[in-house]
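Single-structure report; data block below.
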Amino acid sequence: MPWMLWIIYCLTGFLPIWALIGLLAFVPFSKNLHHFLQKQIKRETFINSIKNFVLFSGLYLLVLVIAVFIG
């Protein structure tokens, strides 16, 4: 879901259009999601949700910082 919001933010002008480069992180995200959907045992898949959160939040922060310096 946050990836869809990222696209919407770019299309509405909230984020610069070059921020779509951050969607390249969807590849590792989808691997973690696939692992989570195969085996939904919290003890084993909780770390994947943390990794996905850190990956998304870090990329979002990086794009916003770059946008501040460029624009």
Side-chain angles (χ1 to χ4, degrees):
M1 185 66 104
W3 303 100
M4 292 169 47
L5 286 175
W6 194 317
I7 292 170
I8 291 170
Y9 286 164
C10 287
L11 294 176
T12 59
F14 183 71
L15 287 174
I17 198 71
W18 55 264
L20 290 174
I21 294 172
L23 293 177
L24 293 175
F26 187 74
V27 174
F29 172 78
S30 64
K31 288 180 185 177
N32 286 341
L33 182 62
H34 181 68
H35 176 70
F36 177 78
L37 292 176
Q38 284 181 341
K39 199 174 202 179
Q40 295 185 11
I41 300 172
K42 186 175 182 177
R43 183 179 63 241
E44 297 177 14
T45 58
F46 181 73
I47 192 68
N48 287 335
S49 64
I50 299 299
K51 287 179 185 179
N52 288 339
F53 176 75
V54 169
L55 177 66
F56 178 78
S57 298
L59 278 172
Y60 190 71
L61 179 65
L62 179 67
V63 166
L64 289 178
V65 167
I66 291 172
V68 166
F69 285 117
I70 289 178

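Positions are given from 1, in the same order as the sequence printed here.
- Under the 4.5 Å side-chain contact rule for hydrophobic residues, V54 and F46 share a cluster.
- Taken together through direct or relayed side-chain contacts under 4.5 Å among Ile, Leu, Val, Met, Phe, Trp and Tyr, F56 and I47 form parts of separate hydrophobic clusters.
- Under a hydrophobic-cluster definition in which Ile, Leu, Val, Met, Phe, Trp and Tyr are linked whenever side-chain heavy atoms come within less than 4.5 Å, directly or via other members, L59 and F14 are assigned to the same cluster.
- Taking OH of Y60 as the reference point, atom CG of L5 lies at 9.0 Å (rounded to 0.5 Å).
- Between the side chain of T12 and the backbone N or O of Y9, at least one donor-acceptor pair lies under 3.5 Å.
- A distance of 12.5 Å separates CG in L55 from CD1 in I50, rounded to the nearest 0.5 Å.
- L62 and F53 sit in two unconnected hydrophobic clusters of ILVMFWY residues. Membership requires side-chain heavy atoms under 4.5 Å apart, directly or through other members.
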